Amino acid sequence: MELKHAENSHSPRTVAPPTSREQKCGAAGDWWRNAVIYQIYPRSFQDSNGNGTGDLRGIARRMDYIEALGVDAIWISPFYKSPMKDFGYDVSDYRAVDPLFGDLDDFDALLAQAHGRGIRIIIDQVLSHTSDRHPWFLESREDRDNDKADWYVWADAKPDGSPPNNWLSVFGGVAWQWEPRRGQYYLHNFLASQPDLNCHNPAVRQAGLENLEFWLKRGVDGFRLDAVNFCMHDPNLRDNPPISKSRNEFLAGGQAASPYAMQTHIHDHTHPDNLLYIEEIRQLLDRYGAVALGEIGSERSAEVIGEYTRGDRRLHMAYSFDLMGPDGSARAIKRTLEGLQKKADGGWCCFAIGNHDVERVASRWTGNEPDAQSAKLFSILLGSLRGAVCIYQGDELGLPQAEVPFERLQDPYGINFWPVYKGRDGCRTPMPWQQHAPFAGFSSASPWLPLDQRHLALAADRQQGDPDSVYECIRAFLHFRKRQPALLHGALDFLPVQQDVLTFSRSADEQTLLLSFNLNGEERAIGLEQLDALNGRQLERLDVVKAPQGSIANGELVLPPRSMLIAEVR
């Protein structure tokens, strides 16, 4: 095997990017299969009116930044009318913008601006539960005979007055709340202020579809469906079994903050009938050429992703939290990805290594010792996988997890489990736009969560134009990715892990690429004879980003600490 060095080389085999609104933002087609989706948490992206909270006009103000990054779509977390007990995931009106974020005119203006730039808009939808302030619930709780009496999951107490079964809330404690008006318990898989809808009821599903269609008629390009496998449960309300003894011993070591992890969740979500709802959603989306991205939270997430995305009657794609754990080693990543390939066979994944619910990857995969080179490698690795990818706002800057003191916490999850688990606020702090501006250019007023002082040196204005920055590295890679057939639609095949280096090929008819990632803090060397799958073929390195690169020396592939190699196989 021979390695040729091609300085600033770009593959001559290019795919011309679409240029018109019809090409980029028209019918669903297959654009979503290899899309780069940029997640925006609106509260923390950009404040336009000086109240300390981000809003829709703020997103529009930063559209130049989003376009320059080179993404295909943006996913906007909830901005609907809400009491904000779970910061928008407790919806009280699915068809209204909460005044905190603006109004429908602001949304329409943002949509038009994005579409004018060829960027699609995906918005969050919460189908499994509402706020306890939603008119549906206010009516349902009054008695057992009203028009909405069966719109939520109600159950009688056991003879001793205890809850109907042993189901637990993700946010801690039992998953049942007593309601004296009806003399029954209602189910809440999350906060008690987020009652679960009874999606076994066709009228509930129809109402959910009508809410989706409201936004489809406004022109949205798709939906990210929150906790989509939680829509239906076991109608017989059978108890969940405990986890195995071996896992109990693992949990006893302090690895879990919540007893939720001590059950096997086979009855409280992912009921087989949920697929009926998924198929109804797909039928609606196909009429509008829109797409669905599902969030899967399950102990068997790979299988569920396959079930929920296989064929052309269900979701287009789905993601899970499998790559959002603490282990960022090559072996762990390979094991996870191979499991997804095998168990979700025939389905389609959207990969994510960060979002608004988990510790930032720059800290999580480095043992809380973030560095610029690791941040570059993590995002390039993500963008090299077979499928769509989600990039969480700020990861393109390499932001580490922010430190938020207890007295400034907003997240109910973090408040409940402090100090064992500090919650999700550390990944939700405001975007640092300008290093030397008041509040980093996010707002003219003190923001809803404090800025981490470490983020100021990583501000967007400091990184843009700096060829050595995390931002410019990731931006260059995303634009490179658009021109590589192998990365857009090629197969992915793993090579054996050697020296804890992750190596795989991406192969299309037009092109084959070899990609190797050394995620360690020490140099690694791999003998070329160990890459027997490529025996006798030449490699031409493609220097597409400003990051440490591997090389060939004395019959070995040599990878410096936290480096990578992208090479074309000839």
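The first residue of the sequence shown is numbered 1, and numbering continues consecutively from there. These values consider heavy atoms only, across backbone and side chains, with no hydrogens, waters or symmetry-generated copies. If you're wondering where the values come from, they're calculated on a predicted model, not measured in any experiment.
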Quick check, are the ring centers of [X] and [Y] under 6.0 angstrom apart?
{"X": "F107", "Y": "F79", "value": "yes"}
{"X": "Y65", "Y": "W433", "value": "yes"}
{"X": "H455", "Y": "F442", "value": "no"}

Donor-acceptor contact below 3.5 Å, side chain [X] vs main chain [Y]:
{"X": "R224", "Y": "D124", "answer": "no"}
{"X": "K482", "Y": "G70", "answer": "yes"}
{"X": "H115", "Y": "V220", "answer": "no"}
{"X": "R218", "Y": "F214", "answer": "no"}
{"X": "N34", "Y": "L487", "answer": "no"}
{"X": "T309", "Y": "W348", "answer": "yes"}
{"X": "Q434", "Y": "D461", "answer": "no"}
{"X": "R506", "Y": "L385", "answer": "yes"}
{"X": "Q401", "Y": "R360", "answer": "yes"}
{"X": "D357", "Y": "R424", "answer": "no"}

Side chains of [X] and [Y]: is there a donor and an acceptor less than 3.5 Å apart?
{"X": "H269", "Y": "N274", "value": "no"}
{"X": "Y41", "Y": "R428", "value": "yes"}
{"X": "Q39", "Y": "S77", "value": "yes"}
{"X": "D322", "Y": "S301", "value": "yes"}
{"X": "E299", "Y": "H265", "value": "no"}

Any side-chain heavy atom of [X] within less than 4.5 Å of one from [Y]?
{"X": "Q499", "Y": "L559", "answer": "no"}
{"X": "L340", "Y": "Y319", "answer": "no"}
{"X": "L127", "Y": "I281", "answer": "yes"}
{"X": "L478", "Y": "L69", "answer": "yes"}
{"X": "D286", "Y": "Q283", "answer": "no"}
{"X": "P432", "Y": "L397", "answer": "yes"}
{"X": "V361", "Y": "S379", "answer": "no"}
{"X": "C349", "Y": "Q341", "answer": "no"}

**Message:** Can you classify the ring geometry of H316 versus W32 as parallel (below 30°), tilted (30 to 60°) or perpendicular (above 60°)?
**Reply:** perpendicular

**Message:** Over 60° means perpendicular and under 30° means parallel, so tell me whether W365 and F378 are parallel, tilted or perpendicular.
**Reply:** perpendicular

How about [X]: does its [atom1] atom have over 12 heavy atoms from other parts shown lying under 6.0 Å from it?
{"X": "E522", "atom1": "CD", "answer": "no"}
{"X": "R313", "atom1": "CZ", "answer": "no"}
{"X": "R462", "atom1": "CZ", "answer": "no"}
{"X": "R57", "atom1": "CZ", "answer": "no"}
{"X": "K334", "atom1": "NZ", "answer": "yes"}

**Request:** Please report the C-alpha distance between I353 and V389 in whole Å, then the side-chain angles of each, then the deciding distance to 0.1 Å, and finally whether the side-chain contact (heavy atoms from CB on, under 4.5 Å) criterion is met.
**Result:** CA-CA 9 Å; I353 56 176; V389 298; over 6 Å; no

Can you give me the closest heavy-atom contact between [X] and [Y], atom names plus distance?
{"X": "I119", "Y": "V71", "answer": "CG1-O, 4.4 Å"}
{"X": "P548", "Y": "Q373", "answer": "CD-OE1, 2.8 Å"}
{"X": "S516", "Y": "T503", "answer": "OG-OG1, 2.9 Å"}
{"X": "D500", "Y": "R331", "answer": "OD1-N, 3.5 Å"}
{"X": "T512", "Y": "A508", "answer": "OG1-O, 4.4 Å"}
{"X": "R62", "Y": "G441", "answer": "NH2-O, 3.6 Å"}

**Item:** Qualifying residue for ring pair (Phe, Tyr, Trp, His ring centres under 6.0 Å) with Y80, from Y89, F87, F101, W215
**Value:** W215

To the nearest 0.5 angstrom, please state how far the [atom1] atom of [X] sits from the [atom2] atom of [Y].
{"X": "I526", "Y": "L565", "atom1": "CD1", "atom2": "CG", "result": "9.5 Å"}
{"X": "C473", "Y": "D466", "atom1": "SG", "atom2": "CG", "result": "11.0 Å"}
{"X": "C427", "Y": "L399", "atom1": "SG", "atom2": "CG", "result": "11.0 Å"}
{"X": "I123", "Y": "F223", "atom1": "CD1", "atom2": "CZ", "result": "5.0 Å"}
{"X": "I296", "Y": "S320", "atom1": "CD1", "atom2": "OG", "result": "8.0 Å"}
{"X": "I37", "Y": "I391", "atom1": "CD1", "atom2": "CD1", "result": "10.0 Å"}

Are any of the side-chain nitrogens in [X] or [Y] under 4.0 Å away from the carboxylate oxygens of its partner?
{"X": "E472", "Y": "K546", "result": "no"}
{"X": "R475", "Y": "E396", "result": "no"}
{"X": "R282", "Y": "D312", "result": "no"}

**Request:** Given side-chain contact (heavy atoms from CB on, under 4.5 Å), test M324 with R364 step by step and report yes or no.
**Result:** CA-CA 8 Å; M324 297 193 215; R364 193 176 72 246; 4.2 Å; yes

**Message:** Apply side-chain contact (heavy atoms from CB on, under 4.5 Å) to residues I121 and D221 and explain how you reach the verdict.
**Reply:** CA-CA 5 Å; I121 296 288; D221 302 289; 4.1 Å; yes

**Message:** If the test is side-chain contact (heavy atoms from CB on, under 4.5 Å), which one of V291, L293, V228 qualifies with L315?
**Reply:** V228

**Message:** With side-chain contact (heavy atoms from CB on, under 4.5 Å) as the criterion, how do L542 and L513 come out once you've worked through the C-alpha distance, each side chain's angles and the decisive distance to 0.1 Å?
**Reply:** CA-CA 10 Å; L542 305 179; L513 296 178; 3.9 Å; yes

